[in-house]
J.: 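Handing you a structure now.
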Amino acid sequence: MELAKAYDPREAERSHYQRWEANGFFAPEINEDPTAEAYSIVIPPPNVTGSLHMGHALQHTLMDVLTRWKRMQGYRTLFLIGVDHAGISTQLMVTRQLKKDEHKTPQDIGREAFTTRVWAWKEQYGGEITRQIRREGLSVDWSRERFTMDPQLSIAVRNVFVTLYKEGWIYRGTRIVNWCPRDKTVLSDLEVKDEKAKDGKLYYLRYPLSVPPAVAGGLVRPKGGAKSPYGNLQPPATAGGSDYVTVATTRPETMLGDTAVAVNPNDERYKNLIGRTIALPLTDREIPIIADEYVESEFGTGAVKITPAHDPNDWEIGERHGLEKLVVMNDDATMNAAAGPEFAGLDRYEAREKVIAKFDELGLLEKIEDYDVTLPVCERCKTVIEPILSEQWFAKMEQMRDLALGLMREKDLPHFFPEVPHKKVYTTWLENLRDWTISRQLWWGHQIPAWYDNDGNVYVARTADEAYEQAGTTDLTQDPDVLDTWFSSALWPFSTLGWTGQQVQSPKSKVQSEEAGQSLTLDIGPWPLDLKTFYPTDVLITGRDIIFLWVSRMVMTGLKFIGERPFDDVVITGTVLDKNGQRMSKTKGNGIDPLDVFEKYGVDATRMTLAGSATGVDFAWRDERVESFRNFANKIWNATRFCLMNSDGASVSSEFKLQLSSDAENQPTEVGTPSLADRWIVSRLKKTARAVNHALETYQFHEAVQLLYHFFWDDFCDWYIELKKDEITAGDADASSRILSILEQALRMLHPFMPYLTEELWQKLPGVSNDLHNAAYRKADVTIMLADFPICDATLIDEQAEAEMSAVIELITKVRNIRSEMNIKPSEKVAVHIAANADFQKIS
RNA sequence: GCCGACUUAGCUCAGUGGUAGAGCAUUCGCUUCACACGCGAGGGGCCAGAAGUUCAAAUCUUCUAGUCGGCACCA
């Protein structure tokens, strides 16, 4: 058999995936061993609107390496794939399409028609990401593919919501929330990012006291002419002695909603003003001057305007002092009627300009300073968030937070890789956890299972019928909002395995739950088989950006509803940066499309590149690096090509036949008497297997890649093949069988990383059969995927052979060095005379 | 403001309390019958700076500088 001269990845990538999938190799059911231990990984569900990026490719590669490795070890493996409905992204995408195609808004066509459209969109375009995942070669079980809005998963969501509501962990309340005026929905704190304002300003506004001070000398009259109804006032020596108070603000437009001015109770400058009132300019309102410890005297003027309806801290102060909460903005960040006729309808930034202009006109604008402000922006559309007062659904996190913290403190789980800094960051975040805003003003998602009667009473139930029963009427309206996408993602590790919230817990988890002091509120029914088999999953691999959004919440809901952690280990990958070390982003246009890289260098080379980066460390993408792994793939191809060119009468020996004694004279094996090189390569092979297994156990993927690269290229190709070349080309079938057997084992170890190439080559080796499969897969069709993953056999480690071989290598290198330095042509033969230590003289 | 990470060969990065590593780039030599996506032989680093612990530190501690990140605040 003769292979092409160079490896063409496209050839190998064409057929194998289909065959693997069609033969059920990806499904756990392929495992014939009823006692096999389970190994499971759930994929972080990519957004249905998403397309594959390098971050995915990295995470996916690592998950697939682990899955393939464990599968080859005989575990009953499940690599579960699914897609997230991605509420906001998807709704925006379809809204945009609707506008483009029909010039209509969602409101024009109504909720039902709109969601129908989104489903249609999902059917048509939503498969893009999963098609790309197939291309990556992931051994995911497509028969168990899930979508966060599958009926079963939606039932789970409802049950969780209802349970938490009944237990008092979910409530509806009016609070200051993060409002995105563009998406017109509330966002959780985690969906808000900080952005530096380009030209931030701090505006100093003068608020006149409504009654002149009784004390003499209060006013500082300037020499110039009067300009405003309040007189032309100059900044006084002490603010407290004047007839106005200066406040500093970065958002002047919110002054229209001010309901107080606050000062620190110990601030001497303002002490005598506490209790006085201010005639709020541009309005006809009088607002009090109050004292609150929150105010820092050192900052700004030491006096703070208080806008309880548009600032979270002001809201707190408002609560403490019983202030009115005046909402002056609409949901699109324009001013509303309460802002006054002059401002109503203006955009917040127009209103800002106008407020400033008016203050200036009135002589009340003291000064404007440049000021570095970081603005909260919507993580998705980058619109500046407006904190507004709004009625929303919230989840109280105390109980679930304590469950997660308890798991960390008592069992040190989950274990983060790398542990620093993630363990601490995760724990600290939990300790400071605040309530979670879970409602979203969208139509695409899980509609909140709460119904209202005409009096505004709320009925939370799993179904409309249950709500009708509770209310004693069918005249109810369901809450129009949907749940945060992360609410359903939080249930992913168990909702995908069949848990709907209607089953009782397993006896095992029940005990654990009672230990944790948890009450169980779940209904009857057996645990689904998959849940019993595959939960908890073994490891979660994801990026650091969703540790809080997703990882922590899975831990919490897993403990709360299943009574067990969702996974032991969490591998946090680094970020793939562009070649200049910059984050890849759509706006910068510096992203590298994994599919292009697959096309250019092959999937296997790409996987090696990704797995070859150190766990958790950011790294700059370099095409040169992939190129080197493409070259490596070609090297493997050609090494195999060589072995096959001379394989007449030879065949791969199963592992036991490969065994070689270090005491070669006494124990010749079926494949002839092993030479030093034979004993050496087997020893190297076994040490490599040991190290690779260990590296993978500890998620040191790059270590495994290095080991395999070095073993294959340096040990196997540069030395072993070269040393055996004469025997092999002379047609020594024993030597050929031996080299094929080493090659075969190497391919197995490489398979989790380079699935296509290794399958392509392995199938061509003489003598491969499902006898080489792990014992759990003896009936399955022949594939390297199910071959037994090499392990270390300590009896085959031969330190003596390795030491002797090192000496040989050193010697040969020195001779070559001399030849090179003396410019002796390779074709010229020279006689070499060697003086060696007694120990090494016997080495031949 | 708090917490943290990183700073190693020209580039991108591994690495360990005890003679500095890889890939790429580079130099020299090779149409050696698997592979020029190759083969062979080289050159190249006082491991950011300073102090300390130690028989021994690039590796541990402290400080400094630069880069980056998370959180909080942001009147």
J.: I want to check one thing: is the phosphate of B:C74, taken as OP1 and OP2, less than 4.0 Å away from some side-chain N or O of A:N313?
T.: yes
J.: Hey, is the main chain of A:A262 close enough, under 3.5 Å, to the side chain of A:D292 for a donor-acceptor pair?
T.: no
J.: Output the rounded distance in Å from CG (A:N634) to C1' (B:G38).
T.: 9 Å
J.: Which whole number of Å gives the distance between the C1' atom of B:U53 and that of B:U61?
T.: 7 Å
J.: Provide the distance between the two P atoms, one in B:G49 and one in B:A57, to the nearest whole Å.
T.: 15 Å
J.: Taking A:N634 for the side chain and A:A6 for the main chain, is one N or O donor matched with an acceptor at less than 3.5 Å?
T.: no
J.: Treating primed atoms plus P, OP1 and OP2 as sugar-phosphate and everything else as base, which nucleotides of nucleotides 8-22 of chain B get B, S or - for protein heavy atoms under 4.0 Å?
T.: ---SSSSS-------
J.: Just the rounded figure in Å: distance from C1' of B:G4 to CZ of A:F416.
T.: 15 Å
J.: Taking pairing as Watson-Crick or G-U wobble with both contacts under 3.5 Å, can you name the mate of B:C60, or confirm there isn't one?
T.: B:G52
J.: Determine the Euclidean distance between corresponding P atoms of B:G23 and B:A14; express it in Å to zero decimal places.
T.: 16 Å
J.: Side chain of A:T374 only, heavy atoms from C-beta on: which candidate in B:C73, B:G4, B:A34 is closest?
T.: B:C73
J.: Partner lookup for B:G40, please. Criteria are Watson-Crick or G-U wobble with both distances under 3.5 angstrom; report none if nothing qualifies.
T.: B:C28
J.: If only side-chain N and O atoms of A:K635 are considered, is one of them under 4.0 Å from the OP1 or OP2 phosphate oxygen of B:C39?
T.: yes
J.: Can you tell me, in whole Å, how much space there is between the C1' of B:A25 and that of B:U64?
T.: 34 Å
J.: Between B:G38 and A:N631, is there an OP1 or OP2 to side-chain N/O distance shorter than 4.0 Å?
T.: yes
J.: Is the backbone of A:R583 close enough, under 3.5 Å, to the side chain of A:N590 for a donor and an acceptor to pair up by distance?
T.: yes
J.: Provide the distance between the two C1' atoms, one in B:U19 and one in B:C47, to the nearest whole Å.
T.: 15 Å
J.: Measuring from the side chain of A:E722 (C-beta onward, heavy atoms only), which nucleotide among B:G40, B:G4, B:A34 has the closest atom?
T.: B:A34
J.: Using a 4.0 Å heavy-atom cut-off across all strands, classify A:E627 as base, sugar-phosphate, or nothing.
T.: nothing
J.: So does A:K424 get a side-chain nitrogen or oxygen closer than 4.0 Å to the phosphate oxygens (OP1/OP2) of B:G4?
T.: yes
J.: If you look at every strand shown and take non-hydrogen atoms under 4.0 Å, does A:N432 touch a base, only sugar-phosphate, or nothing?
T.: nothing
J.: Which of the following nucleotides, B:G4, B:C37, B:A34, is nearest to the side chain of A:C717?
T.: B:A34
J.: In terms of side-chain geometry, is the basic nitrogen of A:K424 or A:E419 positioned less than 4.0 Å from the acidic oxygen of its partner?
T.: no
J.: Looking across every strand, which nucleic acid part, if any, lies under 4.0 Å from A:Y371 by heavy atom: base, sugar-phosphate, or nothing?
T.: sugar-phosphate
J.: Taking only the P atom of each, what is the distance from B:U7 to B:G52 in whole angstrom?
T.: 24 Å
J.: What is the distance, to the nearest angstrom, from the NE2 atom on A:H422 to the P atom on B:A5?
T.: 11 Å
J.: May I have the distance from A:D8 (atom CG) to B:C35 (atom C1'), rounded to whole angstrom?
T.: 15 Å
J.: Do the charged groups of A:K201 and A:E369 touch, with an N to O distance under 4.0 Å?
T.: no
J.: Touch check for A:Y294, heavy atoms < 4.0 angstrom, all strands: base, sugar-phosphate only, or nothing?
T.: sugar-phosphate
J.: Side-chain N or O of A:Y720 less than 4.0 angstrom from OP1 or OP2 on B:A34?
T.: no
J.: Distance check needed: B:C39 C1' versus A:K725 NZ, whole Å only.
T.: 9 Å
J.: Answer yes when A:D545 and A:K193 have at least one side-chain N-carboxylate O distance shorter than 4.0 Å, and no when they do not.
T.: no
J.: When you measure from the centre of the six-membered ring of A:F629, is the NZ or CZ of A:K635 under 6.0 Å away and within 45° of the axis?
T.: no
J.: Using a cut-off of 4.0 Å on non-hydrogen atoms, how would the nucleic acid contact of A:I306 be classed: base, sugar-phosphate, or nothing?
T.: nothing
J.: In whole Å, what separates the C1' atom of B:G29 from that of B:U54?
T.: 47 Å
J.: Can you tell whether the side chains of A:E627 and A:K600 come within less than 4.0 Å, N to carboxylate O?
T.: no
J.: Main chain of A:R641, side chain of A:N638: is a donor-acceptor contact present, judged purely on distance under 3.5 Å?
T.: no
J.: Within this structure, what is the NZ-to-P distance between A:K5 and B:U31, rounded to whole angstrom?
T.: 15 Å
J.: Taking pairing as Watson-Crick or G-U wobble with both contacts under 3.5 Å, can you name the mate of B:A9, or confirm there isn't one?
T.: none
J.: I want to verify a distance call: between B:C24, B:A34, B:C37, whose nearest atom is closest to the A:S628 side chain?
T.: B:C24
J.: Counting only N and O atoms by type, is there a donor-acceptor contact under 3.5 Å from the side chain of A:T575 to the main-chain atoms of A:L577?
T.: no
J.: With the side chain of A:R583 defined as its heavy atoms from C-beta on, choose the nearest nucleotide among B:C74, B:A34, B:G69.
T.: B:G69
J.: Could you give the NZ-to-C1' distance, from A:K600 to B:C37, as a whole number of Å?
T.: 13 Å
J.: Quick one: look up who B:U16 pairs with, Watson-Crick or G-U, both distances under 3.5 Å, and put none if it's unpaired.
T.: none
J.: Pick base, sugar-phosphate or nothing for A:T575, based on heavy-atom distances below 4.0 Å to the nucleic acid.
T.: nothing
J.: When the P atoms of B:C68 and B:U12 are compared, how many Å lie between them, rounded to an integer?
T.: 14 Å
J.: What integer distance in Å separates A:W713:CH2 from B:A34:C1'?
T.: 12 Å
J.: Closer than 3.5 angstrom, by distance alone: can the side chain of A:S647 be matched with the main-chain N or O of A:L644 as a donor-acceptor pair?
T.: yes
J.: Mind checking who B:C2 pairs with, Watson-Crick or G-U wobble, both distances under 3.5 Å?
T.: B:G70
J.: Report the base-pairing partner of B:G45 (Watson-Crick or G-U wobble, both distances below 3.5 angstrom), or none.
T.: none
